[in-house]
Chemist: 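Take this structure, written in structure tokens, and hold onto it; I'll ask about it next.
First listed ligand is number 1; within each ligand, the first listed atom is number 1. All of these numbers come straight from a predicted model, not from anything done at the bench.
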Amino acid sequence: MKTHIHRCDENPFIGFIAKIFEAKYNYTDELRNLQSLLEKIPESEKEKCVKIQTLGVNDRQCPFIADFHEAVDASDEFTKLYHTFIRKNILPLFPKETTLVVQKTPNIRFSFPNSAAIGKRKDPEHASSESDRIGFHCDADFGHHFSEMNFIIPMTPMYDSNSLYYEQIDDEQVEIYKNLKMLDPQSEFFQGYLNKLHHYNRINQTQHTRISFDIRIIPYSEYIEYLDAFRGTKFELGKYYVVLDS
Ligand SMILES: [Fe+2]
């Protein structure tokens, strides 16, 4: 399965995200310094952004996540940018497809210094492995279908512990965990099969906040092939996913 860093001409989402913070908080610094904004919001709200919670349970309570979704819902601006980006940059990666099934709205991740973008696993099977790996999982653990491909689009430079670590098989067929490094968010995005490749975060020990989108995409032909697996679940078309034609 392909794991690859692709190039793109531009990342239209960075401006969209910057506008949200400027409009709501008067924040005009670089997005990678967003941790400075945490000092200007109420302590209880800050805690929701930096306290490490439980993966998939309560680790998405940072108000900045809600700000993003509010901006997405406020007009069709974001959807237009999103669909244009996918048609231009991602659809060509599936040469046999004219149609993709795409996650309706990206997940936005914030990894602030001394915190992490996702919560820890608390289930007994995995909790013991969480000493320095935060949220170790593959997406199949959470009921995602194996036909999904993952894409990560950076809004800020992603490197070292502000980024994630993902499973790779090296030349000697040994399993290793590779740090996802994308230093130029205007021109890079990642494709990986995170449905089966494990991945995790660390405590962000860099000086910079990481903001990124992650999205899941299924080739339409595969979605149709496995239609029964999606029927009656939250992954039905119109709920989690939408169809995007060329
Ligand atoms: Fe994941």
Chemist: The Fe ion (ligand 1) and His199: any N/O/S contact shorter than 2.8 Å?
Modeler: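 Given the 2.8 Å cut-off, His199 counts as a ligand of the Fe ion (ligand 1).
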Chemist: Tell me, which N, O or S atom in His137 is closest to the Fe ion (ligand 1)?
Modeler: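 Of the nitrogen, oxygen and sulfur atoms in His137, the Fe ion (ligand 1) lies nearest to NE2.
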Chemist: In sequence, state the C-alpha distance, the side-chain angles, and the governing distance for Asn11 and Gln186, and then conclude on side-chain hydrogen bond (donor to acceptor under 3.5 Å, both in side chains).
Modeler: CA-CA 5 Å; Asn11 177 336; Gln186 283 291 357; 5.7 Å; no
Chemist: How many angstroms lie between atom CG of Asn107 and atom CZ of Arg216, to the nearest 0.5 angstrom?
Modeler: 5.5 Å
Chemist: Let's go through Lys88 and Asp9 carefully: what are the C-alpha distance in whole Å and the side-chain angles of both, what is the deciding distance for salt bridge (charged side-chain N to carboxylate O under 4.0 Å, His left out) to 0.1 Å, and is it a yes or a no?
Modeler: CA-CA 10 Å; Lys88 186 174 174 193; Asp9 292 340; 3.3 Å; yes
Chemist: Looking at Asp139, pick out the N, O or S atom nearest to the Fe ion (ligand 1) and give its name.
Modeler: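 Looking at Asp139, the N, O or S atom with the least distance to the Fe ion (ligand 1) is OD1.
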Chemist: Are Glu167 and Lys196 close enough, and set up right, to give a salt bridge (charged side-chain N to carboxylate O under 4.0 Å, His left out), and what steps lead you there?
Modeler: CA-CA 9 Å; Glu167 184 181 356; Lys196 291 288 186 293; over 6 Å; no
